[in-house]
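Numbers here are sequence positions counted from 1.
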Amino acid sequence: MSACPCGLSEPYEKCCGRFHSGSAAAPTAEALMRSRYSAFVKGNVPYLLRTWHPRTRPARLDLDPSMKWTGLEILSAGEGSAFHSTGTVTFRASFRGGSLHERSRFERVDGAWVYVDGEFLD
């Protein structure tokens, strides 16, 4: 089993892979953030669209196949637990040639965490 791209020590199948397959739902905003990063690494557009808030979701998403993601660092997380309806996650996602620093906002829709939008910080 291969390591999960999200940076946790679990194998992909037991970590973000279970969210991607639909056999489990991300229990926190941070878990959703990690699973969405892994979906970018894997090129899993259906998962990215499925976990995007209907209010802000694009009609389509075209990923650049030459983009090579190299790591994820969670800098902070606010709220976003089973006891919250909103949450934020600030992270740095590295790619070959640079990095992306963002504070993402998440909400629950029908009980499931979804990505709303993000603010670029650098």
Side-chain angles (χ1 to χ4, degrees):
M1 286 194 227
S2 61
C4 192
C6 81
L8 295 179
S9 61
E10 291 286 329
Y12 168 75
E13 293 78 11
K14 291 185 177 181
C15 194
C16 294
R18 63 196 170 114
F19 305 140
H20 293 174
S21 72
S23 65
T28 65
E30 181 179 333
L32 182 67
M33 171 60 235
R34 288 181 177 279
S35 71
R36 286 178 55 82
Y37 171 82
S38 293
F40 274 102
V41 170
K42 301 269 187 189
N44 188 339
V45 171
Y47 181 78
L48 291 167
L49 291 173
R50 187 170 76 244
T51 58
W52 211 310
H53 197 293
R55 185 176 72 238
T56 58
R57 179 176 42 228
R60 60 183 270 181
L61 181 63
D62 297 314
L63 300 182
D64 180 352
S66 68
M67 178 70 99
K68 300 298 178 204
W69 296 98
T70 59
L72 176 66
E73 179 184 8
I74 301 296
L75 303 172
S76 67
E79 298 187 338
S81 76
F83 302 104
H84 300 106
S85 59
T86 63
T88 61
V89 178
T90 303
F91 67 92
R92 185 176 312 280
S94 300
F95 55 88
R96 193 178 321 145
S99 67
L100 171 82
H101 186 196
E102 181 178 310
R103 181 179 305 112
S104 294
R105 292 186 320 126
F106 299 88
E107 290 180 11
R108 283 186 185 269
V109 172
D110 296 329
W113 285 106
V114 292
Y115 170 78
V116 177
D117 59 20
E119 171 189 3
F120 295 114
L121 300 175
D122 287 343

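- When every heavy atom of Ala93 is checked against every heavy atom of Trp69, the shortest pair comes out as CB-CZ3, 3.7 Å.
- The ring-ring contact (aromatic ring centres under 6.0 Å, His included) search around Phe40 returns none, not counting sequence neighbours.
- The closest donor-acceptor contact from the side chain of Arg108 to the backbone of Ser85 lies at 3.5 Å or more, if one exists at all.
- When all heavy atoms of Val45 and Leu61 are compared, the pair lying nearest together is CG1-O, 3.7 Å.
- Between Val116 and Ser104, the closest side-chain pair of non-hydrogen atoms is not below 4.5 Å.
- The nearest pair of heavy atoms linking Arg34 to Cys6 is NH1-O, 2.7 Å.
- Under a hydrophobic clustering in which Ile, Leu, Val, Met, Phe, Trp and Tyr are joined whenever their side-chain heavy atoms come within less than 4.5 Å, directly or via other members, Leu75 and Phe120 fall into different clusters.
- Of the inter-residue distances, the one linking Ser2 atom OG with Glu13 atom CD reads 5.0 Å to the nearest 0.5 angstrom.
- The same ILVMFWY cluster, assembled from side-chain heavy atoms under 4.5 Å apart, contains both Leu63 and Leu49.
- With sequence neighbours left out, the side chain to side chain donor-acceptor pair (under 3.5 Å) criterion links Asp110 to no other residue.
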Side-chain donor/acceptor pairs under 3.5 Å, residues 17-28, sequence neighbours excluded:
unit_1, atom_1, unit_2, atom_2, d
Arg18, NE, Lys14, O, 2.9
Arg18, NE, Cys15, O, 3.2
His20, ND1, Tyr12, OH, 2.7
His20, NE2, Ser35, O, 2.8
Ser21, OG, Gly17, O, 3.4
Ser21, OG, Arg18, O, 3.1
Ser21, OG, Ser23, N, 3.3
Ser21, OG, Ser23, OG, 3.2
Ser23, OG, Arg18, O, 3.2
Thr28, OG1, Ala31, N, 3.0

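- Partner of Phe106 under the side-chain contact (heavy atoms from CB on, under 4.5 Å) criterion, out of Met33, Glu79, His84, His53: Met33 alone.
- Listed for the Arg96 side chain is no donor-acceptor partner under 3.5 Å among the backbone atoms of Lys68.
- Looking at Arg55 and Val109, their side chains never come closer than 4.5 Å, going by heavy atoms from C-beta outward.
- By the 4.5 Å heavy-atom criterion applied to side chains, Arg105 and Thr86 are not counted as neighbours.
- Atom CG of Leu48 and atom CZ of Arg57 lie 11.5 Å apart (nearest 0.5 Å).
- Note that the OG atom of Ser94 and the CD atom of Glu73 stand 7.5 Å from one another [nearest 0.5 Å].
- Residues Pro5 and Lys42 come closest through the heavy atom pair CG-CE, 4.1 Å.
- Heavy-atom minimum distance, Leu32 versus Tyr47: CD1-OH, 3.4 Å.
- Here the straight-line distance linking atom CD of Glu30 with atom CG of Leu8 works out to 7.5 Å at 0.5 Å rounding.
- Note on Met67: it clusters hydrophobically with Leu100, by side-chain heavy-atom contacts below 4.5 Å among ILVMFWY residues.
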#### Entry: Evaluation steps, side chain to side chain contact (heavy atoms under 4.5 Å, CB included), between Glu102 and Val89
CA-CA 8 Å; Glu102 181 178 310; Val89 178; over 6 Å; no

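- Rounding to the nearest 0.5 Å gives a distance of 11.5 Å between CZ of Arg103 and CG of Asp117.
- A donor-acceptor pair is defined here as one N or O able to donate and one able to accept, closer than 3.5 Å; such a pair exists between the side chain of Tyr37 and the backbone of Gly71.
- A heavy-atom distance below 4.5 Å is not found between the side chains of Arg50 and Val114.
- Hydrophobic clustering of Ile, Leu, Val, Met, Phe, Trp and Tyr side chains at less than 4.5 Å, counting indirect connections, unites Ile74 with Tyr115.
- Side-chain contact between Glu10 and Cys4 is absent, with no heavy-atom pair separated by less than 4.5 Å.
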